[in-house]
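Note that these values count all heavy atoms, side chains included, but never hydrogens, waters or copies made by symmetry.
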Amino acid sequence: LEQSKIDAARATLDAEAASIAYQSTRRSLYPSLGDFADAMYWNSKGDSSKLTAYYAACEKVKADNPKPS
């Protein structure tokens, strides 16, 4: 292949990687599903504070690591 085709292919791959990089970043920052289960348990007992905090933590991860447009 000529260098321009290699460069174009590399640019395409780099763009695709960048477009999904937010997913792995978010995945490592989200609170655990165990935390969610615990929050749901307490919510069923009438205490929604842990569930509210869980949702707020998820929203922060999303806001700090936005999905590319």
Side-chain angles (χ1 to χ4, degrees):
L1 291 172
E2 60 188 67
Q3 189 62 40
S4 62
K5 289 182 180 179
I6 294 171
D7 292 342
R10 180 62 188 198
T12 299
L13 288 173
D14 288 345
E16 289 176 10
S19 73
I20 61 170
Y22 78 96
Q23 293 173 344
S24 60
T25 301
R26 282 183 178 183
R27 191 174 299 117
S28 67
L29 296 173
Y30 279 131
S32 74
L33 290 177
D35 291 346
F36 179 71
D38 187 54
M40 290 299 291
Y41 169 80
W42 286 109
N43 189 61
S44 75
K45 299 295 184 187
D47 179 2
S48 64
S49 64
K50 288 186 178 192
L51 191 57
T52 299
Y54 183 90
Y55 289 147
C58 289
E59 286 298 321
K60 181 170 178 10
V61 169
K62 289 177 179 292
D64 291 348
N65 303 280
K67 183 176 181 178
S69 302

Original post:
Do the side chains of L33 and L29 join up, straight or via other hydrophobic residues, at under 4.5 Å, putting them in one cluster?
Top reply: no

Subject >> Those residues that, when tested against D38, pass salt bridge (charged side-chain N to carboxylate O under 4.0 Å, His left out) (two or more places apart) >> reply: K50

Subject >> Residue list, side-chain contact (heavy atoms from CB on, under 4.5 Å) with S19, at least two apart or on another chain >> reply: none

Subject >> T12: partners by side-chain hydrogen bond (donor to acceptor under 3.5 Å, both in side chains), with sequence neighbours left out >> reply: none

**OP:** Output every pair passing salt bridge (Lys or Arg N to Asp or Glu O under 4.0 Å) with a member in residues 7-19, not counting sequence neighbours, ordered by first then second residue.
**Re:** R10-D14

Original post:
Can you pull the side-chain hydrogen bond (donor to acceptor under 3.5 Å, both in side chains) pairs that have at least one residue in residues 21-31, sequence neighbours excluded?
Top reply: Y30-K62

Subject >> Where at least one partner belongs to residues 49-69, residue pairs that pass ring pair (Phe, Tyr, Trp, His ring centres under 6.0 Å), sequence neighbours excluded >> reply: F36-Y54

Original post:
If you look at every heavy atom in N43 and S48, which pair is closest and at what distance?
Top reply: OD1-CB, 3.2 Å

Subject >> Qualifying residues under salt bridge (charged side-chain N to carboxylate O under 4.0 Å, His left out), relative to D64, sequence neighbours excluded >> reply: K60

**OP:** Each residue besides Y41 in its hydrophobic cluster should be listed here, by chain and number; the cluster joins Ile, Leu, Val, Met, Phe, Trp and Tyr at side-chain heavy-atom distances under 4.5 Å.
**Re:** W42

